[in-house]
2 protein chains.
Amino acid sequence: MLSKKTRYALKALVVLGKNFGGVPIQISKIASEEHIPKKFLEQILLDLRNAGLLYSKKGSGGGYGLVKDPAEISVVQILRLTGGPVALLPCVSLNFYQKCDECDNEETCGVRDVFVDVRDATVKILSETSIADVIKREKNLIENYTQ
Amino acid sequence: MLSKKTRYALKALVVLGKNFGGVPIQISKIASEEHIPKKFLEQILLDLRNAGLLYSKKGSGGGYGLVKDPAEISVVQILRLTGGPVALLPCVSLNFYQKCDECDNEETCGVRDVFVDVRDATVKILSETSIADVIKREKNLIENYTQ
DNA sequence: AAAAAGTCTACTAAATCTATATGCTTTGTA
DNA sequence: TACAAAGCATATAGATTTAGTAGACTTTTT
């Protein structure tokens, strides 16, 4: 399961992605639109800023904006920045690997082998999907929904 | 991430799967072989028994065994029995669905749409993989490893 | 100067997960 | 028949993680 932090980050990035190229958007605006606790969102956006994904502007008329084109930001990147492992087992994680306590030899673990496949399938989808793609999907869904 | 409970269950089922058709295996044997805390494993196997997956025999010479052929037990089934959602978002889970607190309309949520795809890919792999398949994978890994 | 907005750190509350403890029941066997 | 082996069942404790809150500070604009 993704953490709330990750979900909130994705939601916020979609908002910022739609606004790419425009004037900065305030935390409080994103928070109220997306029903995210403001102080929590503050921390999250700060992390994303410190990771170089967002720029910020203080003072009146300030707020946050994307540094890069939303087409250049993949969903998997956000999961890794905000949450942690994409894999379902620590011994299978590419970026948050941890040795399996109970396995004598994880090279020959059949369970692990299955979850390597799951990880690969998941990473494939999430690395091929950008914030821009999420926005496109949303548009398509809205079109078909109101028909 | 899978819980320890789920991992332990899978490990235990692999042991029991290899033994399918033989005499019952004791909790303590599985626990020591697989480095699983015995009392914890007790609870887990009890759950699997109550779910109809295992039979048990009390008293001397007792233990646990699979009720069904390991080829008939899918990995996804074990996750659902022991852990919970396979999906990465509650609003996307087939068996543990929960409404998204922050979404006004989840039918048109682009983020959700992406994680439906991820869920489908994961469920496909894990429902096509049985305990027998895990055992086969293990055998293949061992063969290639010792070469 | 004042207000708007982000920055930073610390803390707390709640939930969940992992594991342990204790006593009970059933079954086989000496 | 007694005893030991093994599972059954429930309660509880400890640890960890997550989610959210608080408060004081800095920068920028008007």
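Residue numbers begin at 1 in each chain, while the letters A, B, ... track the order of the sequences.
Across B:L41, B:D47, B:L10, B:L81, a single residue satisfies side chain to side chain contact (heavy atoms under 4.5 Å, CB included) together with B:K5, and that is B:D47.
A straight line from CG of A:N50 to P of C:dT7 spans 8 Å, rounded to a whole angstrom. Atoms OH (B:Y64) and C1' (D:dA5) sit 14 Å apart, rounded to a whole Å. Atoms OH (A:Y55) and P (C:dG6) sit 11 Å apart, rounded to a whole Å. For the pair A:I44 CD1 and C:dC8 C1', the computed distance is 15 Å after rounding to whole Å. Rounded to whole Å, the distance from NZ on B:K29 to P on D:dA6 is 12 Å. For A:L46 and C:dA10, the CG to P distance is 14 Å, given to the nearest whole Å. Per the geometry, CG belonging to A:L41 stands 14 Å off C1' belonging to C:dT7, to the nearest Å. Going from atom CD of B:Q26 over to atom C1' of C:dT27 covers 13 Å, rounded to whole Å.
Dashed line: the shortest gap from a side-chain N or O of B:R49 to OP1 or OP2 of D:dC8 is under 4.0 Å.
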Evaluate the side-chain contact (heavy atoms from CB on, under 4.5 Å) criterion for residues B:H35 and A:D104: first the C-alpha distance (whole Å), next the side-chain angles of each, then the deciding distance (0.1 Å), finally the verdict.
-> CA-CA 9 Å; B:H35 310 113; A:D104 287 328; 2.8 Å; yes
Check step by step if side-chain contact (heavy atoms from CB on, under 4.5 Å) holds for A:K18 and A:E138.
-> CA-CA 11 Å; A:K18 289 176 187 166; A:E138 198 178 298; 2.8 Å; yes
Just do the side-chain contact (heavy atoms from CB on, under 4.5 Å) check on A:D101 and B:K4 with the steps written out, would you?
-> CA-CA 10 Å; A:D101 293 326; B:K4 289 266 187 182; 3.1 Å; yes
Trace of the salt bridge (Lys or Arg N to Asp or Glu O under 4.0 Å) decision for B:E143 with B:K139 | CA-CA 6 Å; B:E143 271 176 35; B:K139 276 187 192 154; over 6 Å; no
Verdict with reasoning, B:E102 to A:R7, per salt bridge (Lys or Arg N to Asp or Glu O under 4.0 Å) | CA-CA 10 Å; B:E102 55 271 12; A:R7 285 192 246 171; 3.8 Å; yes
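Taking hydrophobic clusters as Ile, Leu, Val, Met, Phe, Trp and Tyr residues chained together by side-chain heavy-atom distances below 4.5 Å, A:L141 does not share a cluster with A:I131. Note on B:L53 and B:L126: same hydrophobic cluster, where clusters join Ile, Leu, Val, Met, Phe, Trp and Tyr whose side-chain heavy atoms are under 4.5 Å apart, directly or indirectly.
Between A:T129 atom OG1 and B:D117 atom CG the span is 7.5 Å, to the nearest 0.5 Å.
Scanning residues 89-100 of chain B for heavy-atom distances under 4.0 Å to DNA chain D yields an empty list.
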Protein-to-nucleotide contact annotation, 5' to 3' order, nucleotides 17-30 of chain D [B base; S sugar-phosphate only; - none; under 4.0 Å, heavy atom] = --SSBBB--BBBS-
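As judged by a 4.0 angstrom heavy-atom cut-off over every strand, A:L45 is placed among residues making no nucleic acid contact.
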